[in-house]
Structures are given as structure tokens and as C-alpha cells.
> 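Quick one: the structure is below, and I'll ask about it shortly.
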Amino acid sequence: MVRSAADRAFLPAKNLFEQVGDMMILTGKTIMSAIRPPYPYGGEFMSQFLFALKLCWFPLLISTIAFGYGAPGVQAANFLTLFGALDRLGGFFVLASIREFAPWVDAMIVAGVAGTAITADLGARKIREELDALQVLGVDPVKNLVVPRFLALMLITGLLDIYALIFGIFGGVVAEFVYHQDLAGFWATFFTNASVTDLWGSVVKTTLFGGIIAIVCCYKGMTASGGAAGVGRAVNEAVVIAFSGIWAFNYVFTQTLLATHPEILVIR
Amino acid sequence: MTEQDSGDRIREEGNLREGVPEGATPEEKFIYHGVVHDHGRDDTVEFIDVVKAFGRNRVLDGLNLGVPDGLITMILGPSGTGKSVCIKHIVGLLYPDEGDVLVQGDSVPDMTDDELFAMRKKFGVLFQDGALFGSMNLYDNVAFPLRQHTEKSEDEIREIVSKRLREVGLGGAEDKMPNELSGGMRKRAGFARALVLEPQIVLFDEPDSGLDPVRTALLCDLIKEVHEENGGTYIVITHDIASARRTPDYMAILWRGKIVEAGMRHELFESENPFVRQFLSGESAGPLGME
Ligand SMILES: Nc1ncnc2c1ncn2[C@@H]1O[C@H](COP(=O)(O)OP(=O)(O)OP(=O)(O)O)[C@@H](O)[C@H]1O
Ligand SMILES: [Mg+2]
């Protein structure tokens with residue numbers, strides 16, 4: 001009786017830890033399998049890359065401009081005008097957009113748009129026993145399905161980060177216009193604060209975000225069960241776990257980057 | 001059969017298995033006692049005390065079964081007793097919680113990934129719902145194993161695939177995508193794909209469900225024909241009695257995760273086990289209810 005009550009209380013948590021463990025194992029297997037010959041995944045990699053690009057570019061365009069304009073743009077500008085220091089908005093955008101918002105919006109879009117598509121696709125194949133059939137026919141699903149998605153999402157998330165940066169900053173520029181400020185001060189403070197470390201930090205971070213998204217979404221798809229409703233559940237859980245994973249990883253990464261490169265903490 | 005009779009028989013045979021439900025009447029014990037008639041051949045596939053549970057649901061519960069080499073074996077059982085689960089154990093898609101599954105003497109759960117892939121090359125599998133690849137048309141689906149495992153030219157592949165598709169009556173549907181087909185057509189296409197490499201061991205999960213009676217009969221004949229032509233060990237899962245009458249050499253009846261009785265076809269059709277008799281005559285009165 002006591003056991004069953006405890007089981008019921010802790011089972012979800014235990015289950016979650018188990019799943020996270022399984023995802024770690026899948027990550028290891030994926031990396032090993034990507035390195036070990038043969039390399040049959042080129043075609044699938046290209047098609048996944050183009051598929052993700054096609055799905056993501058427009059939502060990302062809209063959300064980065066809107067987000068850049070709305071949150072760090074208008075809000076910070078509003079605050080900075082109090083001190084008559086609206087030119088500082090450029091410097092703030094280095095902190096806000098390059099370090100946090102662009103990677104964050106980028107990862108949310110990739111997970112929410114491309115990641116869910118991956119989970120739904122693999123989940124449907126799992127339900128129709130296609131994945132079982134593939135394995136019986138001697139096709140390794142990790143090498144042929146997970147590896148290309150893993151590599152494609154890493155590349156696309158990394159590249160889209162730069163795209164998100166540009167349009168995020170464009171959102172800030174729009175905010176400057178709204179406050180009838182010319183852009184000289186914005187760019188001046190932007191470039192005195194920007195550093196190469198910030199840029200590569202941002203790109204490396206998002207590339208790893210892409211890896212997290214791919215593993216979570218593939219794992220959830222390949223372990224879906226319980227018919228069409230099960231696929232829906234898998235997609236839902238994949239998004240939640242991917243977002244949480246990204247937030248947790250983001251914290252660790254940013255702290256590590258700041259600790260190892262203290263010069264970027266100095267606001268100029 | 002009266003309770004007294006069946007009770008006597010159990011004492012006579014003395015091979016009552018563990019796992020019989022507590023408080024079972026002698027008749028129920030008789031149903032469960034798991035007679036396995038000898039088939040006098042090597043076992044190609046062997047289940048040894050296999051237990052498999054999904055959560056609380058013990059699907060296989062001490063399953064013991066040997067599948068004879070070179071024959072067509074049919075596994076029968078009511079819906080939901082774990083027949084499909086059995087098949088997945090044979091090809092290493094599921095692993096037993098306890099016990100062992102042997103294929104040609106090698107333990108499947110102990111195999112490394114590479115050994116498993118090598119072993120699977122001996123198999124052709126028809127999954128219950130066909131398991132066609134949704135992104136490929138019928139032709140590519142059936143050609144897939146040939147492209148994957150052989151060096152055949154595209155012309156040779158075309159010849160084999162066309163022959164296999166014609167055999168199952170899908171000659172004109174090569175360009176169709178799986179989602180444009182009926183359930184029965186998908187099943188027949190899966191059937192063609194399972195046989196395309198002429199494998200040594202073929203597993204058919206309900207090749208006949210979803211087909212009309214005439215096509216069922218034709219498909220059963222086709223299984224026998226192909227078997228005569230190529231040899232090998234075939235395992236056919238079904239709950240169709242008409243198929244059971246014409247197709248198999250050896251039969252096993254599965255219920256609640258155990259073998260009720262296994263033997264050559266005539267031995268089972270002459271069985272005195274009330275469950276086997278009810279099942280093979282398709283009557284509503286008997287030990288098996290809706291539950
Ligand atoms: N992957 C799984 N996860 C959880 N439960 C499962 C899984 N696969 C099968 N089961 C359960 O195992 C039991 C047996 O399933 P199985 O598909 O083997 O039945 P079956 O004998 O093939 O029935 P049918 O004749 O209807 O196909 C069912 O109760 C099913 O719910
Ligand atoms: Mg089944």
C-alpha cells in the first residue's frame with residue numbers, strides 16, 4: 001500500500017529520469033553512428049535540412065522582428081529615455097539579442113515548427129510499424145533517420161541564429177525609429193559592446209540547441225505508442241521536454257561562457 | 001468431458017505446468033496443461049519459458065514452443081493473447097523479461113547489434129498492418145529489400161518485383177502509394193515484400209485478416225506453393241479456422257501467454273482439450289468467453 005502510493009507519486013519523475021537517460025544514450029549512439037562508416041545519410045540530411053529551412057524561415061522572420069521590436073526594443077527604449085540614454089539601446093541589444101533573445105527565439109521556432117514535424121513523422125511511422133519493418137530489413141533507424149535529422153537541425157539552428165540576430169537587431173532599429181532617434185548612437189554602442197566571442201558563443205550555443213531538439217524529437221517520435229492519440233501526446237511532450245532542455249542548457253552554457261570570458265561582462 | 005475425466009487425465013500425464021491460475025477447476029487445469037506433441041525435427045525457433053509484461057499486463061507468461069525446421073507452422077489464438085508480440089521477439093524487436101528466444105540455436109536477446117542485423121537477413125516478415133513505407137510507392141516498397149541486400153540490376157529487380165506483385169493480384173498497382181490502397185491490398189503488398197528475398201524463415205502476422213474468403217483461400221495456397229518452391233521455415237499467425245484447415249503442417253494454440261496445445265495439424269484437430277476444440281470449431285460455448 002505504502003509502496004503503491006509512493007510509486008504513484010514518484011513514478012512520473014522516475015519515468016522522466018529514465019527518459020532523459022535514454023535520450024543521453026541515444027545522443028551517444030547517434031554521434032558514434034554518425035562517425036562510423038558507412039555514411040548513407042547524405043540524401044536524407046539534405047532533404048531534412050531543406051525541409052526545416054522551408055518550414056522555419058518565415059515564422060522566424062516574423063517572430064524575431066516582432067520580438068526584437070517589442071521586448072528589448074520598445075521596452076528598453078522606454079526605460080532608457082528616462083535617462084536620456086537612448087543611444088545605449090545598441091549596447092543593450094548585444095546583451096539581449098545576441099546573447100539571449102535570438103538564440104532563444106531561434107530554438108523555440110525550430111523546436112516548435114521543425115521538431116514537432118519530426119516527432120509527428122517518426123511517430124506515425126512507429127505506429128504504422130514502419131520503423132520495425134525497417135529494422136527487420138536491416139536498416140538501422142539511428143544511422144538512417146536520427147543521424148541526418150541530428151546533423152540537419154544542428155546546422156539549421158546554427159545558421160538561423162545569424163538570421164535571427166539580424167532581424168532581431170532590425171526590430172531594435174525599428175524601435176529607434178519609433179522613438180525618433182537617429183541610428184548613429186545605436187550602432188556606436190552596439191559595435192563597442194559587440195565582440196567576436198559573443199557571436200561565436202551564440203552560434204555554438206544554438207548549434208547545440210539544434211542537437212538537443214533533434215534528439216528529443218526523434219526519441220519521442222520513435223517511442224510513440226497508442227495510436228494516433230499517442231502521436232499527439234508524443235509531439236506535445238517533445239515540445240515541453242525540448243524547451244525545458246534548452247532552457248537548462250542555456251543557463252549552463254551562458255554561465256560557462258561568462259565565467260571563461262569575463263571581458264564580455266564589461267559594459268562599454 | 002466431465003470434471004472427473006479431465007482431472008484423471010491430468011494426473012495421468014503428470015505434466016501440469018506452473019502458472020495455472022490458483023483455484024482453477026480440474027477442467028481449467030486441463031486446458032492449461034500445455035501438451036506439446038513431438039514433431040521429430042530440429043527447432044528453428046525456440047521459446048524457452050518466455051515471460052513478457054507491459055506494465056501489469058503479462059502478455060507472455062512462461063511460453064514454451066519449438067517451431068519445426070522446414071515446415072509451415074501456424075500459431076493460433078484469440079485476439080490479444082500476444083501472437084504479434086511473439087513474432088517481435090523472434091526478430092529482436094522486443095526482448096523477453098525472462099526466459100530466452102533461440103533462432104537456429106542462437107539466443108536473440110544476447111546478440112550484439114551487428115549479429116542481430118546479420119540474423120535478420122534470414123527473415124522475411126509480414127507485419128499485421130503491412131507496415132509499408134508511406135513515402136514510397138508499391139513498387140519501391142517491394143523492391144526495397146532487394147536494393148538493400150542484393151547487388152541485382154534494376155532490370156532483374158523489376159522482373160522479380162513484378163512477378164511477386166502479380167502473384168498477389170497487385171500487378172496494375174505498382175505506382176500507387178500505400179495510403180491509396182485498401183487494408184487488404186496493403187497486406188498483400190506486405191506479403192510480396194516479405195517474400196521478395198526468398199528468405200529461409202518467413203513470419204506472417206495474419207496474412208488473411210482483412211481479406212475476403214476467396215482471396216484468403218488463394219493466399220493460403222500461395223503460401224504453400226511458395227513454400228514448396230523455396231523451402232524454409234514459415235510461421236503463420238491467424239485466427240481463421242478455414243486457413244488452419246488447409247495451410248499448416250504444425251500448429252500451436254496460444255492463450256493467456258502460454259501454449260495450450262501444439263502438434264501436427266491432425267493431432268490438434270483431433271484434440272480432446274476443450275479449449276482447442278472450441279477454438280478450432282469456432283463455437284461460442286466453451287471455456288473461451290469475451291472477458
Ligand atoms: N508495445 C506495447 N506496449 C504495451 N502493450 C503492448 C505492446 N504490444 C502489445 N501490447 C499488449 O500485448 C497484448 C497482446 O498484443 P498482440 O498484439 O500480441 O495481440 P495479438 O495476439 O497479436 O492479437 P490480434 O489477433 O488482435 O492481433 C495486448 O494486450 C496489447 O495491448
Ligand atoms: Mg496481432
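Residue numbers begin at 1 in each chain, while the letters A, B, ... track the order of the sequences. Here the structure is a predicted model, which is why all the values come from computation and not from measurement.
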> Check the surroundings of atom CZ in A/Phe45: do more than 12 heavy atoms from other residues, nucleotides or ligands lie under 6.0 Å from it?
yes
> If you draw a 6.0 Å radius around NZ in A/Lys29, do more than 12 non-hydrogen atoms from other residues or ligands fall strictly inside?
no
> More than 12 non-hydrogen atoms from neighbouring residues, nucleotides or ligands closer than 6.0 Å to CZ on A/Phe58, yes or no?
no
> Side chains of B/Phe133 and A/Leu137: closer than 4.5 Å at any heavy-atom pair?
yes
> Can you confirm whether B/Glu156 is buried at CD, in the sense that more than 12 heavy atoms of other residues, nucleotides or ligands lie under 6.0 Å from that atom?
yes
> Quick one: what part of A/Leu131 sits under 4.5 Å from any heavy atom of chain B, side chain, backbone, both or neither?
neither
> Take a 6.0 Å sphere around CE of B/Met136 and say whether it holds more than 12 heavy atoms from other residues, nucleotides or ligands.
yes
> Please name the residue in the list B/Val125, B/Leu93, B/Val91, B/Leu116 that meets the side-chain contact (heavy atoms from CB on, under 4.5 Å) test with A/Gln135.
B/Leu93
> Check the surroundings of atom CD in A/Gln255: do more than 12 heavy atoms from other residues, nucleotides or ligands lie under 6.0 Å from it?
yes
> Do NZ/NE/NH1/NH2 and the carboxylate oxygens of B/Lys88 and A/Asp132 come within less than 4.0 Å?
yes
> Taking all atoms of both residues into account, what is the closest heavy-atom pair of B/Asp129 and A/Glu129, and its distance?
N-OE1, 3.9 Å
> Is B/Asn141 in contact with chain A via its backbone, its side chain, both, or neither, using a 4.5 Å heavy-atom distance?
neither
> I need the minimum non-hydrogen distance between B/Arg120 and A/Val136, along with the two atoms involved.
CB-O, 3.6 Å
> Is it the backbone or the side chain of B/Leu132 that comes under 4.5 Å from a heavy atom of chain A, or both, or neither?
backbone
